[in-house]
Participant: 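There's a structure below that I have some questions on.
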Amino acid sequence: MSKNILSVRNLHVKFVLRGRELHALRGINLDVRDGESIAIVGESGSGKSVLNKNFIGLLDQNGFIPEGEIRYYGMGDKLRHYPGAGSDDNGSYIDLTAFKKKEDWLRIRGSEICMIPQDPMTSLNPLKTIGWQISEALLLHKGMRGKMAYEETIRILEDVRIDDPRRRYKQYPHELSGGMRQRVVIAIAIACSPRILICDEPTTALDVTIQAQVLSLLHDLKERYHLTIIFITHDLGVVANIADRVAVMYAGDIVELGLVDEIFFDPRHPYTWALLSSLPQLGMRGEELYAIRGTPPNLFKEVQGDAFAARNPRALEIDKRELPPYFEVSPTHYARTWLLDPRAPKMDPPAVIQKLKELGKEETHHG
Amino acid sequence: MGSYIAKRLLRSVLTLVIILTIVFILVRQMPLEGYFPNFEKMTPEQIKNGLHSMGLDQPLPVQLYHFFRDLITKGDLGTSRIYRQNVPVAEILAPKIPVSVRLGTMSLIVSLLLGLPMGTLMAKYKGKFFDHFGTGVIVLIEAVPAAVYYLFIQFYGTEALGIGMTMLGDKDFNNWQYWILPVLSMSLGNIAYYAMWLRRYMVDESTKDYVLLARIKGAGEGRIMFRHIFRNAFVPMVQYIPTSFLNTVIGSIYIESLYSIPGMGGLLVDVIKKQDNAMVQAIVLLFACVGVIGLLLGDLMMVALDPRISLAKKGGDK
């Protein structure tokens with residue numbers, strides 16, 4: 001197993017809104033391995049984006065971290081004089097939550113951890129050429145200028161599969177299609193040569209054929225540049241295509257974590273069940289598509305027990321009172337539900353999930 | 001691009017012709033008494049002769065035709081009859097125009113040099129002391145009638161600099177110290193205007209996605225402010241600059257008379273009162289030209305700064 005590059009430990013994030021505190025992240029624990037691609041899935045408002053904004057120091061002004069650590073191992077002990085520096089069995093790290101000044105983040109942003117924002121249509125500066133915007137990253141992180149930067153930019157444009165890069169270099173964002181702009185944004189990220197690339201819903205703004213192209217591009221770039229990729233998405237199709245591991249988030253907490261096959265074919269948490277059951281691909285023709293009833297809990301109030309209990313028709317009594325710990329299903333698969341407690345009554349997952357299990361078995365037999 | 005400018009110029013000329021025609025007709029609606037200082041004592045014969053010598057006894061269309069014919073073929077703006085008797089208008093205006101342009105240009109430069117950094121800093125320190133302080137200054141400038149602070153600046157400024165209240169003769173005119181206060185007075189309004197709008201546009205821009213990407217890229221705050229936000233915020237501003245320059249030149253009426261600057265400022269009002277038709281027409285033509293050129297320049301500057309705006313029509317290109 002490869003080493004961790006990022007380790008989130010008991011991370012809490014709160015926002016102050018009109019004098020009230022919203023508890024957006026409620027004790028996240030997550031290890032990101034060097035070179036893997038991990039998907040963070042969950043519905044809107046589950047905290048996926050908030051979690052990732054912490055990694056590059058772009059939490060909104062009214063947000064703060066009352067508790068927790070984000071250990072980044074990618075820089076070794078280069079930052080050992082910083083207040084958050086330390087080391088554990090995984091190696092030397094810097095605690096990103098210890099950064100106080102905006103300038104501190106300049107050591108991390110781009111060159112260590114970079115992000116592809118959601119909407120490629122608006123993410124490029126409309127007044128600068130494509131070439132300028134990519135070269136800027138080269139200048140900032142590699143000190144490249146002039147001819148050298150130009151040649152490198154052309155090479156990166158070719159890498160993200162943009163035709164006729166020398167012509168594109170001089171063009172402005174408005175002259176490019178959505179898919180091309182997304183490639184340019186990816187090119188900018190690549191030019192920074194980060195260790196970790198966060199893709200925030202990288203394909204939601206694109207149409208389906210372009211989505212597939214962009215995903216396969218990201219997959220190739222990951223290999224070529226040895227990237228660790230964190231996908232934020234609510235599109236389970238994307239997850240199945242590209243992720244090695246999946247973390248399922250609900251109401252500011254990770255409820256289940258496992259390899260992609262484990263999550264798809266052997267989910268254990270009732271929320272993961274519900275999420276998969278609502279996939280249109282698994283619906284029966286003529287039957288009404290499954291939808292999770294109710295709404296996520298109000299995070300202005302402290303959540304008691306399992307956050308999903310209120311919407312879970314099979315919730316146990318204890319779910320409403322006490323937060324379940326992570327139960328180990330396999331060395332790579334954990335779920336936070338009392339159903340996995342040996343004392344819990346035996347409960348079968350919904351029919352759809354059982355069907356998925358069958359599918360999974362078939363795949364392993366064939367594969 | 002070239003054909004756009006040609007079309008645009010043609011339209012501008014048309015605009016000028018219409019403006020001139022309207023003004024030409026308007027000034028001829030003024031009462032006859034106004035043309036003669038001692039109207040009561042004149043005989044009908046004298047009045048008739050007087051009108052004849054000014055060409056005012058001819059039918060209006062004929063007068064208009066003569067005016068445009070002389071203007072276009074000879075570049076002749078006519079002759080002043082009342083303001084200075086029988087002196088060609090061009091000769092009267094020639095020495096005054098550079099003075100006003102000089103004042104206006106200096107004020108424009110000062111406004112940009114102070115207004116743009118002020119707006120940028122206010123946006124950079126949004127919600128902090130400098131922003132509040134700047135807003136206070138802007139509100140003060142906008143709220144207090146210009147005439148009040150003009151006088152205030154003249155009164156206390158000349159005392160502080162130890163110079164005379166007004167320019168007396170060439171010696172003062174060529175002393176740069178005498179230009180400080182008029183330029184400052186003329187600039188204050190524009191400084192407030194530029195700072196206010198630039199701050200607003202920059203604050204708008206700073207929440208855009210491309211700024212987020214620049215930040216993710218690892219660009220420092222200073223770089224983001226100047227390389228990314230400033231230029232984007234400057235585009236919507238730039239079209240107002242020529243117009244505000246024009247307003248400054250026209251608005252110099254009061255300043256020029258306050259400091260006795262021998263420019264064109266007070267001239268228009270003066271010649272309208274005296275019913276010197278040729279002078280009125282010439283000055284209106286000048287101001288209209290500046291206005292039309294200002295608008296054209298504003299558009300051209302937009303095109304130069306924003307690649308998304310194209311003046312030449314490209315078929316099918318959005």
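Every chain is numbered from 1 and lettered A, B, ... according to where its sequence line falls, protein lines coming before strand lines. Every heavy atom of this structure was used, including side-chain atoms; hydrogens, water molecules and symmetry mates were not.
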Participant: List the atom of P126(A), the atom of P307(B), and the distance in Å for their closest heavy-atom pair.
Facilitator: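 Looks like O-CG, 3.6 Å.
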
Participant: Applying a criterion of heavy atom separation less than 4.5 Å, what residues of residues 226-236 of chain B form contacts with chain A?
Facilitator: R227(B), H228(B), R231(B), N232(B), V235(B)

Participant: For the interface with chain B, which of L140(A), T122(A), N125(A) has the highest count of heavy-atom pairs at distances below 4.5 Å?
Facilitator: N125(A)

Participant: Could you tell me which portion of E221(B) (side chain, backbone, both or neither) has an atom closer than 4.5 angstrom to a non-hydrogen atom of chain A?
Facilitator: side chain

Participant: Is Q133(A) close to chain B through its backbone or its side chain, or both, or neither, when contacts mean heavy atoms under 4.5 Å?
Facilitator: both

Participant: Using every non-hydrogen atom in the two residues, find where R215(B) and R109(A) come nearest and quote the distance to one decimal.
Facilitator: O-CD, 3.0 Å

Participant: What part of L139(A) is in contact with chain B, defined as an atom under 4.5 angstrom from a non-hydrogen atom: side chain, backbone, both or neither?
Facilitator: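 Just the side chain, heavy atoms under 4.5 Å.
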
Participant: Other residues, nucleotides and ligands only: do more than 12 of their heavy atoms fall within 6.0 Å of CH2 on W132(A)?
Facilitator: yes

Participant: Within a radius of less than 6.0 Å around CZ of R145(A), do more than 12 heavy atoms belonging to other residues, nucleotides or ligands occur?
Facilitator: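 Atom CZ in R145(A) is not packed in, count stays at 12 or less.
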
Participant: Name the region of C114(A), side chain, backbone, both or neither, that has any atom closer than 4.5 Å to a heavy atom of chain B.
Facilitator: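 For C114(A), backbone and side chain are both near chain B.
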
Participant: Considering all heavy atoms of both residues, which atom of M115(A) and which atom of I216(B) are nearest to each other, and what is their separation?
Facilitator: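 Closest approach of M115(A) to I216(B): N-CG2, 3.3 Å.
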
Participant: State the CG-NE2 distance between D306(B) and H174(A), to the nearest 0.5 angstrom.
Facilitator: 8.0 Å

Participant: Looking only at heavy atoms, which two atoms of K217(B) and A137(A) are closest? And how far apart?
Facilitator: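 Taking every non-hydrogen atom into account, CG-CB, 4.0 Å.
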
Participant: If I measure from the heavy atoms of chain A, does K208(B) come under 4.5 Å with its side chain, its backbone, both, or neither?
Facilitator: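 Neither; nothing under 4.5 Å.
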
Participant: Check whether more than 12 heavy atoms from other residues, nucleotides or ligands sit under 6.0 Å from atom OH of Y125(B), and answer yes or no.
Facilitator: no

Participant: Can you tell me if F133(B) has over 12 outside heavy atoms packed within less than 6.0 Å of its CZ?
Facilitator: no

Participant: Does atom OH of Y225(A) have more than 12 heavy-atom neighbours from other groups under 6.0 Å away?
Facilitator: yes

Participant: Could you tell me which non-hydrogen atom of G220(B) sits nearest to which non-hydrogen atom of L106(A), and how far apart they are?
Facilitator: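 Minimum heavy-atom contact is CA-CD1, 3.9 Å.
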
Participant: Considering only heavy atoms, which portion of L127(A) lies under 4.5 Å from any heavy atom of chain B: side chain, backbone, both, or neither?
Facilitator: both

Participant: Do L213(B) and L124(A) have side chains that approach each other closer than 4.5 Å (heavy atoms only, starting at C-beta)?
Facilitator: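 Heavy-atom side-chain distance check passes, below 4.5 Å.
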
